[in-house]
Amino acid sequence: MDELGFNKIAAAVLATGLGVMMIRELPHIFMHSDAPEVPAYFVGSLEPVTSGAAEAAPLPFPQADWIGAMNAEKGAKVFKKCTSCHNADAGGGHGTGPNLYGIVGAAAAARGDFKYSGALTAARLAWDYETLNSYLAKPTKFVSGTNMNFIGLKKAEDRAAVIEYLRVAADSPLPQPAPAATPEAVIETAEGEQAVIETIENIAPKIDGQ
Ligand code: HEC
């Protein structure tokens, strides 16, 4: 590369570095000299949040362990709790509950020839993984007034397993879900940004000194 080209790149890197430093230093410049050494702006914590309400907040759905529990073989066993009212066979008829073939990813209360409760119809749900997981945990709590007179599946592993069983009972099964980002992953991204800033700060004086 010719020297002019290199100089242009060096100037660009330097300008970026200076810009970042300016942004970081501005609050200090404008702060009164005897003011306490606290930043005048909030950039968000780079430390994992370990206290207060954030700790109690549920992790976003689905986490890797839930996806890991998606097991059609186990799901077939769990589904025995459903077979008094449902089947998931292609072209199978309705029982007390509707036929469940192809239900994962489908609109709720949409099997034309089944008489649903007004509650489930009015809820206008789509059976994505999270909605199914919530409904199967405690149907009457999630859709108050549903006709699905079933106590629910307490264990998350059982729900993941039976949902996998239902997922593959379809002409074109929906792909399995991807794990949701955890707060830790968001923090890692913030740390990555911090590393880029530090790299620029290291490079800038070196180019300056040439
Ligand atoms: C006692 C009977 C009964 C049992 C047991 C039962 N269900 Fe249901 N299920 C129903 C009825 C009735 C409905 C329709 C609900 C409504 O209209 O509110 C329903 C609806 C559903 C729906 C929504 C269907 C649609 O078309 O929107 C799903 C999904 C479902 N059940 C899954 C299950 C699974 C999985 C199990 C077992 C873990 C189970 N059910 C156990 C009776 C039952």
Side-chain angles (χ1 to χ4, degrees), residues 48-49 52-189:
V49 180
E55 200 175 25
L59 291 171
F61 180 91
Q63 291 296 305
D65 54 354
W66 193 93
I67 297 167
M70 294 182 81
N71 178 323
E73 227 172 282
K74 185 183 169 192
K77 288 184 195 140
V78 178
F79 194 69
K80 293 202 169 113
K81 295 188 177 177
C82 324
T83 50
S84 58
C85 301
H86 293 285
N87 71 76
D89 307 330
H94 303 311
T96 307
N99 170 267
L100 294 177
Y101 185 78
I103 198 71
V104 178
R111 317 239 134 158
D113 50 347
F114 184 83
K115 205 165 166 10
Y116 292 95
S117 65
L120 188 63
T121 308
R124 301 180 132 266
L125 302 171
W127 294 124
D128 58 37
Y129 293 108
E130 187 165 13
T131 309
L132 258 181
N133 183 59
S134 304
Y135 185 61
L136 294 181
K138 208 163 197 298
T140 50
K141 183 167 174 233
F142 189 67
V143 179
S144 139
T146 181
N147 284 348
M148 175 149 143
N149 202 356
F150 175 69
I151 183 133
L153 298 170
K154 241 191 194 158
K155 291 188 192 156
E157 309 93 88
D158 287 352
R159 298 194 297 271
V162 85
I163 288 170
E164 175 65 4
Y165 173 80
L166 292 174
R167 182 184 78 84
V168 295
D171 285 341
S172 40
L174 215 64
Q176 283 193 348
T182 60
E184 285 81 29
V186 175
I187 287 162
E188 271 167 27
T189 309

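The first residue in the sequence is number 1, and the count goes up from there. We count ligands from 1, going down the list as the structure has it; atoms in each ligand are counted the same way. All of these numbers come straight from a predicted model, not from anything done at the bench.
Note that OH of Y116 is 6.0 Å distant from CZ of R111, once rounded to the nearest 0.5 Å. Note: N71 CG to I163 CD1 = 13.0 Å, rounded to the nearest 0.5 Å. Distance check, rounded to the nearest 0.5 Å: NZ of K115 to CG of D113 gives 13.0 Å.
The shortest side-chain heavy-atom distance between H86 and P98 falls under the 4.5 Å cut-off. Within the 4.5 Å cutoff, the side chain of P173 has no heavy atoms near those of the V104 side chain.
Looking at F114, Y116, Y135, it is Y116 that brings a heavy atom closest to atom 26 (O) of ligand 1. Closest heavy-atom approach to atom 16 (C) of ligand 1 within the set A119, G95, S117, G102: this belongs to S117.
The contact set between ligand 1 and L136, taken as ligand atoms under 4.0 Å from a residue heavy atom, comprises 32 (C), 33 (C), 34 (C), 35 (C). Heavy-atom contacts of R111 reach the following atoms of ligand 1: 26 (O) (cutoff under 4.0 Å). Of all the atoms in ligand 1, the ones that sit under 4.0 Å from a non-hydrogen atom of I103 are 24 (C), 25 (C), 26 (O). With ligand atoms numbered from 1 in the order given, ligand 1 contributes 1 (C) to contacts under 4.0 Å with heavy atoms of N149. Of all the atoms in ligand 1, the ones that sit under 4.0 Å from a non-hydrogen atom of A108 are 27 (O). Residue K81 approaches ligand 1 through these ligand atoms, each under 4.0 Å from one of its heavy atoms: 5 (C).
In terms of polar-atom proximity, defined here as any N/O pair under 3.5 Å, A109 does make such a contact with ligand 1. Considering backbone and side-chain atoms alike, N147 places an N or O below 3.5 Å from some N or O of ligand 1. Among the atoms of T96, none of the N or O lies under 3.5 angstrom from an N or O of ligand 1. In terms of polar-atom proximity, W127 is counted as a contact of ligand 1, with an N or O under 3.5 Å from an N or O of the ligand.
Residue-level proximity to ligand 1 for V143 is absent, since no heavy atom of it falls below 4.0 angstrom. Residue-level proximity to ligand 1 for T121 is absent, since no heavy atom of it falls below 4.0 angstrom. Using a 4.0 Å cut-off between heavy atoms, L125 makes no contact with ligand 1 at all. With a 4.0 Å cut-off on non-hydrogen atoms, T146 touches ligand 1 through its backbone as well as its side chain.
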Can you list, pair by pair, the side-chain donor-acceptor contacts under 3.5 Å of residues 141-153, counting residues two or more places apart and other chains?
residue : atom : partner : partner atom : Å
T146    : OG1  : Y135    : OH           : 2.8
T146    : OG1  : M148    : N            : 3.2

Could you tabulate the donor-acceptor pairs under 3.5 Å formed by side-chain atoms of residues 122-133, not counting sequence neighbours?
residue : atom : partner : partner atom : Å
D128    : OD1  : E130    : N            : 3.3
D128    : OD1  : T131    : N            : 2.8
D128    : OD1  : T131    : OG1          : 2.6
D128    : OD2  : T131    : OG1          : 3.4
Y129    : OH   : P175    : O            : 2.8
N133    : OD1  : W66     : NE1          : 3.2
N133    : OD1  : R159    : NE           : 2.8

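Contact record, L166 with F79: CD2-CE1, 3.9 Å, taken as the closest heavy-atom pair. The heavy-atom pair separating G102 from A170 by the smallest distance is CA-CB, 3.8 Å. The shortest non-hydrogen separation linking T121 to S117 is OG1-O, 2.9 Å.
Judged purely by atom type and a 3.5 angstrom limit, N87 uses its side chain to pair as donor or acceptor with the backbone of G93.
For residues 164-182, the set of pairs meeting the salt bridge (Lys or Arg N to Asp or Glu O under 4.0 Å) definition, not counting sequence neighbours, comprises E164-R167.
In this structure, L132 has a heavy atom closer than 4.0 Å to ligand 1.
Other residues, nucleotides and ligands place no more than 12 heavy atoms under 6.0 Å from the NZ atom of K81.
Of all protein N, O or S atoms, those under 2.8 Å from atom 8 (Fe) of ligand 1 number 2.
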